[in-house]
A.B. asks: 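What follows is a structure written as structure tokens; I'll ask about it next.
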2 protein chains.
Amino acid sequence: MSSYSIGDLSAQSGVKVPTIRYYEQIGLIAAPARTEGNQRRYGSAELNRLRFIAHARDMGFAMDSLKSMLSLSTRKDAPCAKVDAIVEQHLAEVDQRIKQLTRLRGELAGMLSGGHHGTVGECRVVEVLSDHDHCGYEHGAAA
Amino acid sequence: MSSYSIGDLSAQSGVKVPTIRYYEQIGLIAAPARTEGNQRRYGSAELNRLRFIAHARDMGFAMDSLKSMLSLSTRKDAPCAKVDAIVEQHLAEVDQRIKQLTRLRGELAGMLSGGHHGTVGECRVVEVLSDHDHCGYEHGAAA
DNA sequence: GATAATCCTCCAGTCACTGGAGCTTTTCGT
DNA sequence: ACGAAAAGCTCCAGTGACTGGAGGATTATC
Ligand SMILES: [Zn+2]
Ligand SMILES: [Zn+2]
Ligand SMILES: [Zn+2]
Ligand SMILES: [Zn+2]
């Protein structure tokens with residue numbers, strides 16, 4: 001059988017029930033067929049679409065990219081260059097983020113180094129956090 | 001002189017004016033003195049606190065950690081172990097995030113590799129996004 | 001003393017959900 | 001076949017961390 005209730009769909013996709021309704025509301029997924037008693041019934045196409053959404057969201061794609069990819073992924077014979085471009089851009093963003101976090105990691109490690117601060121008054125963490133001049137890292141500069 | 005208007009404070013700290021008022025509203029900073037005409041006037045202590053907040057926020061500390069660190073950083077003779085612990089935990093989180101992003105990077109790069117997909121129908125990006133089985137990465141597992 | 005810039009409060013909106021109240025429908029055991 | 005329990009429905013409100021606007025008062029500058 002290929003008829004899922006919203007709960008089934010939720011279980012199969014890992015997306016919570018209210019979130020599915022929310023996605024319908026914002027037009028991310030289409031309004032499905034209803035039973036006599038007004039309950040939503042989905043087919044496997046909707047399940048696939050929802051999995052696509054969940055997977056992409058899980059990988060940190062922005063909602064906008066997601067919508068673009070969804071609309072681009074419907075025509076199987078269309079060129080995939082645009083989809084690929086979105087992924088490339090996301091890859092670049094991820095790279096950027098990794099670099100930022102690596103620098104931040106250094107900053108945090110630096111705060112903790114030198115060890116045995118003892119009191120808040122001597123604590124390098126508090127010092128660095130209180131005054132960016134002690135930090136040496138240009139936070140917003142590479143954003 | 002050590003009397004700043006909210007605009008001065010904003011300029012000195014890099015925190016936007018409405019955000020400063022918001023921080024006051026949620027109790028992150030204390031309500032400052034007012035002029036005859038009801039305008040906020042700040043001293044350098046408030047500026048320091050705001051800089052602390054901005055700096056920590058900039059480094060991705062959660063609002064909760066921030067509050068803890070703020071309350072811990074007031075008594076200069078208290079031991080700094082707790083502050084350090086918060087930073088250590090944040091460092092661990094950053095490490096974790098870097099690992100996740102590095103794996104994600106691999107996944108994204110893998111999607112783009114093999115090149116020349118041509119059409120959406122053959123596109124590895126669409127394939128991987130449509131069906132997590134093609135992805136091989138356990139997304140939620142290490143969260 | 002006029003005029004521009006800044007400030008005030010209050011309220012609404014953002015994003016991506018999440019949860020509850022109160023009611024109806026479906027499912028399931030007997 | 002029937003009654004209870006589970007799951008569904010709609011509507012509305014709330015979250016976090018701000019951001020922005022309306023409409024009006026105050027301050028700074030020339
Ligand atoms: Zn310390
Ligand atoms: Zn810094
Ligand atoms: Zn492709
Ligand atoms: Zn995957």
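Lettering of chains follows the sequences in order, A, B, ..., and the numbering in each one begins at 1. Bear in mind that the values here come from a model prediction, so they are computed numbers and not experimental data.
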A.B. asks: DNA chain D: B:Asn38 or B:Arg57, which has the more 5' nearest nucleotide?
C.D. replies: B:Arg57
A.B. asks: Decide yes or no for B:Met111 and A:Leu91: does some side-chain heavy atom of the first lie under 4.5 Å from some side-chain heavy atom of the second?
C.D. replies: no
A.B. asks: Measure from CD on A:Glu24 to C1' on D:dC11 and round the result to the nearest Å.
C.D. replies: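 Interatomic distance, CD of A:Glu24 to C1' of D:dC11: 14 Å.
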A.B. asks: What is the distance from NZ of A:Lys16 to C1' of C:dG20, rounded to the nearest Å?
C.D. replies: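 About 15 Å, once rounded to whole Å.
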A.B. asks: Just compare C:dT26, D:dA17, D:dA28 and give me whichever is closest to any side-chain atom of A:Arg41.
C.D. replies: C:dT26
A.B. asks: Of A:Tyr22 and A:Glu36, whose nearest nucleotide on DNA chain C comes first from the 5' end?
C.D. replies: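 Mapping each residue to its closest nucleotide by heavy atoms, the 5'-most match is A:Tyr22.
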A.B. asks: Side chain of A:Thr19: nearest nucleotide among D:dT10, C:dC17, D:dG8?
C.D. replies: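 Ranking D:dT10, C:dC17, D:dG8 by closest atom to the A:Thr19 side chain puts C:dC17 first.
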A.B. asks: Touch check for B:Ile6, heavy atoms < 4.0 angstrom, all strands: base, sugar-phosphate only, or nothing?
C.D. replies: sugar-phosphate
A.B. asks: If I compare all heavy atoms of A:Met69 with all of A:Val87, which pair ends up nearest, and what's the gap?
C.D. replies: SD-CG2, 4.4 Å
A.B. asks: Looking only at heavy atoms, which two atoms of B:Val126 and A:Phe52 are closest? And how far apart?
C.D. replies: O-CE1, 4.3 Å
A.B. asks: According to a strict under-4.0 Å criterion, is A:Tyr23 in side-chain N/O contact with OP1 or OP2 of C:dC17?
C.D. replies: yes
A.B. asks: Whole-Å distance between D:dC9 P and A:Leu9 CG?
C.D. replies: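 To the nearest whole Å, that distance equals 11 Å.
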A.B. asks: For A:Tyr4 and D:dG8, what is the distance between atoms OH and P respectively, to the nearest whole Å?
C.D. replies: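 It is 15 Å, rounded to the nearest whole Å.
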A.B. asks: Is any side-chain N or O of A:Ser5 closer than 4.0 Å to OP1 or OP2 of D:dG8?
C.D. replies: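 Yes, A:Ser5 has a side-chain N/O under 4.0 Å of OP1/OP2 on D:dG8.
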A.B. asks: A:Glu93 pairs by side-chain hydrogen bond (donor to acceptor under 3.5 Å, both in side chains) with which of A:Arg97, A:Gln96, A:Gln89?
C.D. replies: A:Gln89
A.B. asks: Given that B:Asp8 and A:Gly37 both sit by DNA chain C, which one's nearest nucleotide is further toward the 5' end?
C.D. replies: B:Asp8
A.B. asks: Do NZ/NE/NH1/NH2 and the carboxylate oxygens of B:Lys76 and A:Glu122 come within less than 4.0 Å?
C.D. replies: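 Answer for the salt bridge query: no.
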A.B. asks: As a test of reading the structure: which of C:dT27, C:dC8, C:dT18 is closest to the side chain of B:Gln39, going by heavy atoms?
C.D. replies: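 So the side chain of B:Gln39 is nearest to C:dC8.
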A.B. asks: On the nucleotide D:dC9, are OP1 or OP2 found under 4.0 Å from the side-chain N or O atoms that A:Arg40 carries?
C.D. replies: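 Indeed, a polar side-chain atom of A:Arg40 lies that close.
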A.B. asks: Side-chain N or O of B:Thr35 less than 4.0 angstrom from OP1 or OP2 on D:dT26?
C.D. replies: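 No, B:Thr35 has no side-chain N/O under 4.0 Å of OP1/OP2 on D:dT26.
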A.B. asks: From the options C:dA16, C:dT25, C:dT6, select the nucleotide whose nearest atom is closest to the side chain of A:Met63.
C.D. replies: C:dA16
A.B. asks: What nucleotide, of D:dT10, D:dC18, C:dA16, holds the atom closest to the side chain of A:Arg21?
C.D. replies: D:dT10
A.B. asks: Please state whether the phosphate of C:dT26, meaning OP1 or OP2, lies under 4.0 angstrom from any side-chain nitrogen or oxygen of A:Arg34.
C.D. replies: no
